[in-house]
Every structure is written in C-alpha cells, then in structure tokens.
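A short worksheet on the structure shown next.
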Amino acid sequence: MRGSSGFGLFLCILLAGVANAQNAASPIHFTFRSIPFTLDNSETPRRHAPETMAGGLAVFDYDGDGDLDIFFTNGADIRTLKKTSPKYFNRLFANDGKGNFTDVTEKAGVAGYGYDTGVAVADYDNDGDLDMFVAGVHRYTFYRNNGDGTFTDFTSQAGLDKPDLEFGPLWAVGAAWVDVNRDGLLDLFVVNYLSWDPKTEPTCQYEGALEYCHPRLYKELPNRLYLNNGDGTFTDISQESGIRAHPGKGMGVCVADFDLDGRMDIFVANDKLFNFLFHDKGGAKFDEVAFEAGVALPEHGNFISGMGVDCRDIDNDSYPDIAFVALDNETFPLFRNTGKNLLFEEVTSSSGLTRQSRPMAGYSPAIYDFDNDGWKDLFVTRGHVQSPFMSGRVQVDQHNSVFRNIGKGKMVALTEEAGFTAQPPRRHRGSAQGDLNGDGLLDIVVSALQAPAEIWINDSPGANRWLALDLQGTTSNRDGIGARIKLVTKNGPQYNHVSSAVGYASASAGPVHFGLGDADVADLIEIHWPSGIVQRLEKVKANQRIKVTEPAKP
C-alpha cells in the first residue's frame, strides 16, 4: 500500500508537470486580473426573463487619453426596473495605461437609472469624443460625451425616449452604430429582444421549482433604426427603411459590407427564430435576405438559441464571415462568405466547431487575432441561460474558451490550455476586447451573473508582431466605422473593417488590430473609407499603434 501510494503521488506530480508544460506551451494564453465590479441581475425565485440576459459591456477610450477604459452595464430592482441601490449602478473604470483601473462612475455621471443590458459606443456628433448608447428593459439611455471626463444624459434631447405605440415598452438588448446613408454621420441600429411584462409573464416550472421560460412563450419585437439628423437628434426610420417589417427576438447584431459594394449590411442573431440579414440597397433602404444568403438557419434547419454574433473575415479572403453562438447541443455556427452574390456556406462541421462546441453554451463571440499569427481566432464567453437550480440537469456554470484559427479552415478549442480554468466556471455573458496594457496583445473583459467581472490579460508566448490602426475620418464619420482595410505582409494579405459592435450586447472600440506573424513590416495597407476615398500606406513598421487620418477628396 505504501509503495502504491508513493507511485500514485509520483504519477500525479508527473501528470501535473505535463499539464503545466502543455499550458505554458499553448500559443494563446491569458492570465486573470480582477476588477471591483459584480454584475447584480436582481435574480429572484420568480425567474423573470431579464434576470438571465444582463451583462453587456464596452472597452473604449472615454477620456481621449489614448488608453482603453471599461464600462459595465448592470441590473436594477427587477420589480421596479430602477437602480434603487449602488449595487445596481453601471460602472465606468478609467485605465492608467498599464491595465490598472479606477472607478470614475459617479464623476462621469453614468451610474444609470434602469435595468440595463447592453451598450454601444461611437462619436455620433464627430466632435472627437466617444458617446454612449445604453440599451435596457423598457428604456434607452443616451449619454453625450462632454469631452472633460463627464457625460450628459441626452436621451430626451436626442429624441430617443419615444415609446413604440404598437408594441408598447421595448426590451433593447444591444445596438450598433453604422452610417446607413453615407452622409458622414453615424446612425443607430437597436436590437430588441422580446415583449416582456412582469404582470403577464408566463410561469414555467421544472421539478416543482420556477424556471426561466422558453422564448417561444413571448411575443417578438421589431428592431429600430434611427437616422442621425446632424443636429444632435435622431429620426426613427424603422418603417421606411424596411427594418420594422421583420419583428424578431434579437440577441446579437454585427455590421459589415458583406458583398463589398461600399454599403454596410446588418446581421441579427435571433433566439429560436430565423436570423435576419438586412442588405443595404442604398438610400437607407434594406432588404431582408437571410434565406437567400443561406444564414437564416444552420444547415440542419432547426431553430437554435442565437445569442451574440461577430462578423469579420476569418479566412483572409477579403469577405466578412459570420460567427454566432448558441446553447449546448446547438453548436456555434460559422458561416463562410463565398464572395458570390451575397451567398454563405456553413463550415461549422468542417472547421471542427460542431464537435468541439456541442457540449458548450455560449453568449458572446468575438473574432480577433489573439496570438498575432495573422489568422483571426474566435473567443466565446460561456454560461447557460438557465438558473443555478438547473445545474443537476445542464452545465450552468462554464469556463470561457478560445478557438484558435490554425488556417485551412480549422479551429482548435483552448480552455484550460488558454488559462481560463484559473477562475471558477460562471454564467458568463458579455465580453469586449482591446489592448489594455499597450503590449500589442489583445486582452479580454468578461461579465458574469452574480459574480465578479474578469479581465483576461493576454500573455501569449512567442514573438509574433502586430500593428494597430487608429482611423480618423474627415469626410467619412470620425470613427471611420465602415472603413475596410487590406494589409499585406510577406505572409500574404489579410482584411478587417471598423465596427465597434461585437458579441453579446457589447462594444469594442479600440484600434483595428492586425497580427503580422514573423513579418517586421506591412508592405501595404489599403484603406477603403466610407466616403469612397482609397488611401494607401507602404512599408509600415511592425509593433506600433499609428493614427491614420482620411485624406481630403481630390
């Protein structure tokens, strides 16, 4: 027995050493750093639907000092939908440039009022400061950046406080900024989830206990499109644009020029309904073409719990692809843009995502190059929609994962290897990305229900190089949202575009990041601005963040 015990101890030490060596050798790796914020979703035994859908956040430079700051949305008293305690305050944290954060919420004036779910950030008035739209249950809040570290609640003045006369109070999950009429002003697309009224909410049970109900028991809602008037106000053009004709149960939105016609299209992931692909046909008019494009449903033809979404070119062929996530046994669908007449093909199975994601429940996906090898990877926050009571039936708390893009259309899941098991599994929700400490590696911020938020500092090994581009429009919108970028190194071309909308109810508004692999120079950077101007830069050295200003029209 004594010898057997000694051998067992030796074996455990050996296996632990092997595991540590494998983790240390992982090409993508993160280290946890805490931040003093806990998402309070006001969870009750009644299981009101909004309780499980909180958690959007933003990474953006709110004070213009060049460092990326963090904003977390937060819940409220579910009975009143009001922030009756500081524990419900939204929180804004200022970055010192080294990845250390200070709570500046009250000074900035962004604690909020109601049950908030998501956030979208952009410079809507082209004054050089990022403004903030906060989506919530039965209310929107719009904060105009004053340029001095504070914000003004501009919701009413902007015309964003008008109710929907047909559907009543709307539940907004998130939003995306996009210039739909190419006038150099950013317009606002708001994703609404489902019709929720606490007075008439259905009752659902599992083994005698109340549980969150299936979305089919709630009525769908239309999304909204607001046109920026250029004077600080918006006009609701949902009806005339064609958006309102398609009510859904939206959980995620991304914007990209899928057919490279110079206009930004809008994809919406719906919960247990057909997805939407709104194709911009010009003049702020849209056609819904998800079926024709092949993205209305996964190839098996079943409704799934579509959550967050991201749209970026994942295979370096110049055309933006679509990745969104769902619950266990539904997989994380990946649609490859064929570049032919706005047609997509599902590559979930061939990429390896079907097998690897089948047991996972995902919320917030993000397509970014985390190891700077020139191939964008897929990060996913994980956690189930069900309450902790259901943990005996499904895996409610889960670790996050990153799917490393190894090229040739293949993805490899990294969870423990990437360092994510250093923290307990949670019901993770929103996520946003950006280089928080200026080391050229993209970090991740994650929220979780009734749990501390997580910062994952990217400390991936290797010496791959990078470039970060801060685009500033002159004729186009100041953020450069909608600009397409081609970057060429000795390793070949890769592509990206400017958009702050990402994942579930979240926003990443940092510079556009490119991993260069072992290349020490970008031979060509070609920027297609929304105005139609094409700008070219040559022989740009690696490992720097550069500001690129749109040239004047000839």
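As a basis for the values below, the full set of heavy atoms in this structure was taken, side chains included, without hydrogen atoms, waters or symmetry mates.
- Judged by distance alone, with hydrogens and angles left aside, the side-chain atoms of N95 form a donor-acceptor pair with the main-chain N or O of L436 at under 3.5 Å.
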Would you check, one step at a time, whether the test ring pair (Phe, Tyr, Trp, His ring centres under 6.0 Å) holds for F344 with Y319? CA-CA 10 Å; F344 292 76; Y319 289 92; 9.3 Å; no
Working for side chain to side chain contact (heavy atoms under 4.5 Å, CB included), residues L227 and V180: CA-CA 8 Å; L227 193 71; V180 299; 3.9 Å; yes
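- The OG1 atom of T331 lies 11.5 Å from the CD atom of Q356; values are rounded to the nearest 0.5 Å.
- Heavy atoms from other residues, nucleotides or ligands lying under 6.0 Å from CG of D231 number more than 12.
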Salt bridge (charged side-chain N to carboxylate O under 4.0 Å, His left out) between R545 and D470, worked out: CA-CA 7 Å; R545 174 177 172 176; D470 265 320; 2.7 Å; yes
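- Side-chain rings of F514 and W466 stay apart, their centers remaining 6.0 Å or farther from each other.
- Closest of all the heavy-atom pairs between E299 and E346 is N-OE1, 2.5 Å.
- Checked by atom type, the side-chain pair S506/S431 shows no donor-acceptor distance below 3.5 Å.
- Between the side chains of T338 and E345, no donor-acceptor pair of N or O atoms lies under 3.5 Å.
- The side-chain heavy atoms of R429 and S447, taken from C-beta on, include a pair separated by under 4.5 Å.
- With hydrogens and angles ignored, the 3.5 Å screen pairs a side-chain donor or acceptor of T354 with a backbone N or O of S349.
- In this structure, the side chains of L442 and D369 stay at 4.5 Å or more apart for every pair of heavy atoms.
- Taking OG of S241 as the reference point, atom OH of Y226 lies at 11.5 Å (rounded to 0.5 Å).
- Note: F291 and F274 meet the aromatic proximity criterion, with ring centroids under 6.0 Å apart.
- Looking at heavy atoms from C-beta onward, F324 lies out of side-chain contact with C254 at the 4.5 angstrom threshold.
- For the residue pair H246 and N223, no side-chain donor N or O sits within less than 3.5 Å of a side-chain acceptor on the partner.
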Assess whether side chain to side chain contact (heavy atoms under 4.5 Å, CB included) is satisfied between W529 and L471, documenting all intermediate values. CA-CA 9 Å; W529 293 90; L471 268 60; 3.8 Å; yes
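- With contacts defined as side-chain heavy-atom distances shorter than 4.5 Å, the pair P511/L469 does not qualify.
- Rounding to the nearest 0.5 angstrom, the gap separating the CG atom in L516 from the CG atom in N464 is 8.5 Å.
- The side-chain tip of R312 points at the ring of Y368 from less than 6.0 angstrom away and within 45° of straight on.
- Using a 4.0 Å cut-off between a side-chain N of Lys or Arg and a carboxylate O of Asp or Glu, D261 and R263 qualify as a salt bridge.
- Judged purely by distance below 3.5 Å, without hydrogens or angles, the side chains of H528 and D257 never pair a donor atom with an acceptor atom.
- Tested against F30, the residues F379, W456, F370 include a single ring pair (Phe, Tyr, Trp, His ring centres under 6.0 Å) partner, F370.
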I would like to know whether D373 and R404 meet salt bridge (charged side-chain N to carboxylate O under 4.0 Å, His left out); could you show each step before the answer? CA-CA 10 Å; D373 66 349; R404 184 177 181 238; 3.5 Å; yes
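- Here the side chains of L188 and W177 are in contact, with some heavy-atom distance below 4.5 Å.
- Separating the CG atom in N458 from the OG1 atom in T31 is a distance of 9.0 Å, to the nearest 0.5 Å.
- Checked against a 6.0 Å centroid threshold, the rings of Y124 and F142 count as neighbours.
- For the residue pair D371 / S460, no side-chain donor-acceptor distance below 3.5 Å is found, with atom types taken as modelled.
- Within the structure, every pair that satisfies the salt bridge (charged side-chain N to carboxylate O under 4.0 Å, His left out) test and touches residues 513-522, not counting sequence neighbours, is listed here: K490-D518.
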Could you give me the CA-CA distance, side-chain angles and deciding distance for T415 and S401, then say whether side-chain hydrogen bond (donor to acceptor under 3.5 Å, both in side chains) is met? CA-CA 5 Å; T415 301; S401 294; 2.5 Å; yes
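- The shortest distance between side-chain heavy atoms of V347 and D315 does not fall below 4.5 Å.
- Within 6.0 Å of the CD atom in Q544, the count of heavy atoms belonging to other residues, nucleotides or ligands exceeds 12.
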Please output the side-chain donor-acceptor pairs of residues 283-290 that fall under 3.5 Å, not counting sequence neighbours, one pair per line with the distance.
| residue | atom | partner | partner atom | Å |
| --- | --- | --- | --- | --- |
| K285 | NZ | E240 | O | 3.0 |
| D287 | OD1 | K281 | NZ | 3.1 |
| E288 | OE2 | L277 | N | 2.8 |
| E288 | OE2 | A290 | N | 2.9 |

Run N275 and V309 through side chain to side chain contact (heavy atoms under 4.5 Å, CB included) and show every step you take. CA-CA 11 Å; N275 301 313; V309 62; over 6 Å; no
Verdict with reasoning, K553 to I533, per side chain to side chain contact (heavy atoms under 4.5 Å, CB included): CA-CA 7 Å; K553 284 189 174 182; I533 292 174; 3.4 Å; yes
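- Counting heavy atoms from C-beta outward, N405 and L378 have side chains that stay 4.5 Å or more apart.
- Ion pairing of R336 with D317 is present here, as a side-chain N (NZ or NE/NH1/NH2) and a carboxylate O approach within less than 4.0 Å.
- With contacts defined as side-chain heavy-atom distances shorter than 4.5 Å, the pair D321/D313 qualifies.
- In this structure, R91 is not positioned above the aromatic face of F72 in the sense of NZ or CZ being under 6.0 Å from the six-membered ring centre and within 45° of the axis.
- With no hydrogens or angles considered, no side-chain donor-acceptor pair links H513 and Q433 at under 3.5 Å.
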